[in-house]
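Here the structure is laid out as structure tokens; the discussion comes afterwards.
These numbers come from a predicted model, not from an experiment.
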Amino acid sequence: MSFLKNIFGGNSSNDEKVTNQEPKFYTLKNIDQLDEINTISNERSVVLFKHSTRCSISRFALKRFDAEYDYTDEQMDWYLLDLLEHRDISNAIATKYEVMHQSPQIIVIKNGKAIFTTSHDAIDAGELKQFV
């Protein structure tokens, strides 16, 4: 899939959405982006996907999630966090949103608060319908 190329060797910047044919996700690379996420979450839900690039379970969950994710930018935003590159951001997420760290993991943020979290094989993009 081309999105994996974008994750591991693409040309996206912190502020650009990663694309293949249509926009899919933002890359979370800076702790300051958590403030931006809080602001956005006042208008629409934000999904944080925490991913370990060394874990086959995480890779499978991400691939399945990406294939199932079918929400527009007006409905919700999706941020992808590479845990190995940005453990500091993962720690900040755990503290800020009061969620236990897991990987792979999705966390839904609404109005600056974590309102849903799940991990491993329970990650299902269809579950996000309730937060649109």
d(Leu34 CG, Asp32 CG) to nearest 0.5 Å is 8.5 Å
To the nearest 0.5 Å, tell me how far Asn38 CG sits from Ile109 CD1.
7.0 Å
Test item: Thr72 and Gln75 side chains (from C-beta on) under 4.5 Å apart, heavy atoms:
yes
Taking only residues at least two apart or on different chains, which pairs with a member in residues 104-115 satisfy side-chain hydrogen bond (donor to acceptor under 3.5 Å, both in side chains)?
Lys50-Gln105, Gln105-Thr117
Taking atom CD1 of Ile31 as the centre, does the number of heavy atoms from other residues, nucleotides or ligands within less than 6.0 Å exceed 12?
yes
Can you tell me which residue pairs pass the ring-ring contact (aromatic ring centres under 6.0 Å, His included) test with a partner in residues 79-101, sequence neighbours excluded?
Tyr26-Tyr79
Set out, in order, the CA-CA distance, both residues' side-chain angles and the distance that settles side chain to side chain contact (heavy atoms under 4.5 Å, CB included) for Val108 and Val46, then state yes or no.
CA-CA 6 Å; Val108 178; Val46 177; over 6 Å; no
Begin from the C-alpha positions of Asp77 and Phe25 and carry the test side chain to side chain contact (heavy atoms under 4.5 Å, CB included) through to its verdict.
CA-CA 7 Å; Asp77 284 353; Phe25 59 85; over 6 Å; no
Quick one: are Leu48 and Ile37 in side-chain contact, heavy atoms under 4.5 Å?
yes
Please check if the distance between the ring centroids of Phe65 and Phe49 is under 6.0 Å.
yes
Got a list of side-chain donor-acceptor pairs under 3.5 Å for residues 118-132, not counting sequence neighbours?
unit_1, atom_1, unit_2, atom_2, d
Ser119, OG, Gln102, OE1, 2.6
His120, NE2, Ser103, O, 3.1
Asp124, OD1, Gly126, N, 2.9
Gln130, NE2, Glu127, O, 3.0

Going by ring-ring contact (aromatic ring centres under 6.0 Å, His included), name the residues that satisfy it together with Phe60, two or more places apart in sequence or in a different chain.
none
Would you check, one step at a time, whether the test side chain to side chain contact (heavy atoms under 4.5 Å, CB included) holds for Ile93 with Leu28?
CA-CA 11 Å; Ile93 289 169; Leu28 184 52; 4.0 Å; yes
Could you measure the distance from the NZ atom of Lys29 to the CG atom of Leu80? Nearest 0.5 Å is fine.
10.0 Å
Below 6.0 angstrom between ring centroids: does that apply to Tyr71 and Trp78?
no
Residues two or more places apart in sequence or in another chain: which of them pass salt bridge (Lys or Arg N to Asp or Glu O under 4.0 Å) with Asp35?
Lys96
Examine distances only and state if a side-chain atom of Glu43 and a backbone atom of Ile40 form a donor-acceptor pair shorter than 3.5 Å.
no
Please examine the side chains of Leu83 and His51, heavy atoms only from C-beta on, and report whether any two atoms are closer than 4.5 Å.
no
For the side chain of Arg44 and the backbone of Asp73, is there at least one donor-acceptor N/O pair under 3.5 Å apart?
yes
Which residues pass the side chain to side chain contact (heavy atoms under 4.5 Å, CB included) test with Ala94, sequence neighbours left out?
none
Salt bridge (Lys or Arg N to Asp or Glu O under 4.0 Å) contacts in which one or both residues fall within residues 85-94, not counting sequence neighbours
none
Let me check something: do Ile57 and Leu62 share a hydrophobic cluster, defined by ILVMFWY side-chain heavy atoms less than 4.5 Å apart, either directly or through other members?
no
Can you tell if the side chain of Tyr69 reaches within under 4.5 Å of the side chain of Arg64, non-hydrogen atoms only?
no
dist Thr53:OG1 -> Asp82:CG (nearest 0.5 Å) comes out at 4.5 Å
